[in-house]
Chemist: 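Here it is: the structure, laid out below.
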2 protein chains.
Amino acid sequence: MSENLKLSNQVCFPLYSLAKEVIKQYRPILNELGLTYPQYLVMLVLWEEGSQNVSEIGNQLFLDSGTLTPLLKRLEQKNIIVRKRNPEDERIVTISLTEKGKIMKEKAQCVPDRIAETLNISTEDLLNLKTIIDKINIQIKTTNN
Amino acid sequence: MSENLKLSNQVCFPLYSLAKEVIKQYRPILNELGLTYPQYLVMLVLWEEGSQNVSEIGNQLFLDSGTLTPLLKRLEQKNIIVRKRNPEDERIVTISLTEKGKIMKEKAQCVPDRIAETLNISTEDLLNLKTIIDKINIQIKTTNN
DNA sequence: ATAAATTAAATTGTGCACAATTTAATTTTG
DNA sequence: CAAAATTAAATTGTGCACAATTTAATTTAT
């Protein structure tokens, strides 16, 4: 068999597997907060930057309204965010944290440390991984637009 | 904010994004074969190793029957695989390629090259990425079992 | 000023991904 | 041998992810 189609030679498969594996490590930890990983990402954006439009959140997380609209509705049902149409421009929906959502930030402070623990990867390897991923991400975005 | 906090967020999110981005590059190419990326992975296993049980495929791709059963039914509907219960042990379902499935392998030969083209990443960077990812994947699997 | 174009979010539909449970077959044990 | 345990796949239910379309609001260009 040509080497071309061997699973072991693929780069994408280990990447896809590792991403799933890492998210799996987040699951039990985020579950204590009642969040999924994509929901946690949205909360990180709001904690860091405050109120944001749906599309502003989407631009940062590379997610579209088809993904975000139902996800945000779930966060709203948990009473950690509110969705409000902008009276200046009724097309825009602004997402804001509720008190409960702001308080959750405190409980979430420990998440990265706990992830770092369970991943058990040296800082050196993490930095190495980050460097190469960032480089490739930039290359893809610039090549593909 | 601790350094771990930043680092794990700064690694996990780019990892998750890059995996999605790379799969997005596969989409138009695999679409010509009528396959999704996970379906392509199943076909890679079958092309490389021939007939496999559902759980053997699952072990290699880290997917469970909840994911594979409907996926395999879709491949069966495309007439590129057949699903057959093992008469020796009726619990086991063996997946085999049809002629059409075998022929598809030829058309798939070009996929890795075309992906390499569109990703436009140096072989060195790809190897670098694969090396660090494989290392971390092994580390996670051994730590977490 | 209004018709056409654009924009933002929502909706619709398909396909993973995975936890939890169920079903049915096979093994192990008492 | 029969009950209990185990195993393999299927099923059920929830939640992304994304393409394609729709809806409604706003801009723009005539």
Side-chain angles (χ1 to χ4, degrees), chain A residues 12-13 16-28 30-31 33-43 52-78 81-95 144, chain B residues 12-13 16-28 30-31 33-43 52-59 61-78 81-95:
Chain A
C12 184
F13 174 63
Y16 150 89
S17 291
L18 181 58
K20 283 198 305 172
E21 185 61 36
V22 169
I23 288 173
K24 191 180 291 178
Q25 306 292 317
Y26 271 94
R27 207 162 288 131
L30 292 181
N31 198 39
L33 300 175
L35 296 176
T36 64
Y37 183 68
Q39 289 169 6
Y40 172 66
L41 292 178
V42 169
M43 295 305 285
Q52 300 273 305
N53 300 340
V54 173
S55 54
E56 288 171 334
I57 295 172
N59 286 337
Q60 292 179 71
L61 302 182
F62 310 113
L63 294 172
D64 68 9
S65 66
T67 301
L68 285 174
T69 297
L71 185 157
L72 293 167
K73 283 181 180 171
R74 276 172 223 123
L75 293 183
E76 191 176 39
Q77 281 192 316
K78 295 181 210 288
I81 66 158
V82 282
R83 295 156 68 239
K84 186 167 178 302
R85 291 221 169 247
N86 184 337
E88 310 274 295
D89 183 341
E90 291 276 352
R91 290 172 305 181
I92 295 175
V93 171
T94 301
I95 309 300
N144 238 276
Chain B
C12 294
F13 173 64
Y16 151 89
S17 290
L18 180 60
K20 284 197 304 173
E21 185 61 36
V22 171
I23 289 173
K24 190 180 292 178
Q25 306 292 316
Y26 271 93
R27 208 163 287 133
L30 292 180
N31 198 39
L33 300 175
L35 296 176
T36 64
Y37 183 68
Q39 289 169 7
Y40 172 67
L41 291 178
V42 169
M43 296 304 286
Q52 299 273 306
N53 300 340
V54 173
S55 54
E56 289 171 335
I57 295 172
N59 288 336
L61 302 182
F62 311 114
L63 294 172
D64 69 8
S65 67
T67 301
L68 284 174
T69 297
L71 186 157
L72 292 168
K73 283 180 179 171
R74 277 172 222 122
L75 292 182
E76 191 175 39
Q77 282 191 315
K78 295 182 210 288
I81 67 158
V82 282
R83 296 156 68 239
K84 187 168 176 303
R85 291 223 168 247
N86 184 337
E88 310 272 297
D89 184 341
E90 291 275 351
R91 290 171 303 180
I92 295 175
V93 171
T94 301
I95 309 300

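In this text the structure is predicted, and so the values were computed from the model without any measurement. All chains are named by letter (A, B, ...) in the order of the sequence lines, taking the proteins before the strands, and each is independently numbered beginning at 1.
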Chemist: Using whole Å, what does the distance between atom P of nucleotide D:dG15 and atom CG of A:L75 come to?
Modeler: 11 Å
Chemist: Roughly, in whole Å, what's the span from NZ in A:K20 to P in D:dC16?
Modeler: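 Nearest whole value for this atom pair: 17 Å.
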Chemist: 5'-most contact on DNA chain D: B:S65 or B:R27, nearest heavy atom basis?
Modeler: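 The residue mapped nearer the 5' terminus is B:S65.
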Chemist: Let's see if you can work this out: which of D:dC18, D:dA8, C:dT11 has an atom nearest to the side-chain heavy atoms of B:S55?
Modeler: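 Closest nucleotide among those given: D:dA8.
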Chemist: Whole-Å distance between D:dG15 P and A:L41 CG?
Modeler: 17 Å
Chemist: I want to verify a distance call: between C:dA19, D:dT26, C:dA25, whose nearest atom is closest to the B:R91 side chain?
Modeler: C:dA25
Chemist: From the options D:dA17, D:dC16, D:dA9, select the nucleotide whose nearest atom is closest to the side chain of A:Q39.
Modeler: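 So the nucleotide nearest the side chain must be D:dC16.
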Chemist: For the pair made of CG in A:L72 and P in C:dA10, what is the distance, rounded to whole Å?
Modeler: 8 Å
Chemist: What is the distance, rounded to the nearest whole Å, between atom CD of B:E21 and atom C1' of D:dA17?
Modeler: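 It works out to 13 Å between those atoms.
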Chemist: Separation of B:I92 atom CD1 from D:dT7 atom P, in whole Å?
Modeler: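 Atom-to-atom, B:I92 to D:dT7, this comes out as 12 Å.
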Chemist: Go ahead and name the base partner of D:dT22; Watson-Crick or wobble counts if both distances stay under 3.5 Å, otherwise write none.
Modeler: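 WC or wobble partner is C:dA9.
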Chemist: Within the structure provided, determine whether B:I81 and B:L72 are in side-chain contact (heavy-atom separation under 4.5 Å).
Modeler: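 Result yes, sub-4.5 Å side-chain heavy-atom pair found.
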Chemist: Hey, does the side chain of A:K73 come within less than 4.0 Å of C:dT11's phosphate (OP1/OP2), counting only N and O?
Modeler: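 Looking at the OP1 and OP2 atoms of C:dT11, one of them is under 4.0 Å from a side-chain N or O of A:K73.
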Chemist: Given atom NZ of B:K84 and atom C1' of D:dA8, what is their separation to the nearest angstrom?
Modeler: 16 Å
Chemist: If you measure from the Lys or Arg side-chain nitrogens to the Asp or Glu carboxylate oxygens, is any gap between A:E90 and A:R85 under 4.0 Å?
Modeler: no
Chemist: Got a donor-acceptor contact below 3.5 angstrom from the B:S55 side chain to the B:G58 backbone?
Modeler: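 Not confirmed, B:S55 side chain does not pair with B:G58 backbone.
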Chemist: C:dC18 P sits how many Å from A:L30 CG, rounded?
Modeler: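 Rounding to the nearest Å, CG of A:L30 and P of C:dC18 are 15 Å apart.
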Chemist: Examine the side chains of A:N53 and A:T94 and answer whether a donor and an acceptor come within less than 3.5 Å of each other.
Modeler: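 Indeed, the side chains of A:N53 and A:T94 share at least one donor-acceptor pair under 3.5 Å.
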Chemist: Taking the nucleotide of DNA chain D with the closest heavy atom to each, which residue, B:L68 or A:R74, is nearer the 5' end?
Modeler: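 Nearest nucleotide further toward 5': that of B:L68.
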Chemist: D:dA25, C:dT11, D:dA9: which one has an atom nearest the side-chain heavy atoms of B:V54?
Modeler: D:dA9
Chemist: When you check the side-chain N and O atoms of A:E56 and A:Q60, is any donor under 3.5 Å from an acceptor?
Modeler: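 The answer is no; no qualifying pair exists.
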Chemist: Are OP1 or OP2 of C:dA10 and a side-chain N or O of A:R83 less than 4.0 angstrom apart?
Modeler: yes
Chemist: By nearest atom, which of the nucleotides D:dC16, D:dC18, C:dA17 is closest to the A:D64 side chain?
Modeler: D:dC18
Chemist: Heavy-atom nearest nucleotide on DNA chain C for A:D89 versus B:G66: which residue maps closer to 5'?
Modeler: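 That would be A:D89.
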Chemist: Classify A:E56 by what it touches in the nucleic acid, base, sugar-phosphate, or nothing, heavy-atom distance under 4.0 Å.
Modeler: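 Since no nucleic acid heavy atom lies under 4.0 Å of A:E56, the category is nothing.
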Chemist: Is any side-chain heavy atom of A:K84 less than 4.5 Å from a side-chain heavy atom of A:V82?
Modeler: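 The answer is no; the side chains never approach within 4.5 Å.
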Chemist: Is there a side-chain polar atom (N or O) of A:Y16 under 4.0 Å from OP1 or OP2 of C:dA17?
Modeler: yes
Chemist: Quick one: label A:L63 by what it contacts on the DNA or RNA (base, sugar-phosphate, nothing), any heavy atom closer than 4.0 Å.
Modeler: sugar-phosphate
Chemist: Select base, sugar-phosphate, or nothing to describe what B:T67 touches, counting heavy atoms under 4.0 Å on all strands.
Modeler: base
Chemist: For C:dA10, take OP1 and OP2 only and decide whether either is under 4.0 Å from a side-chain N or O of A:T69.
Modeler: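 Yes.
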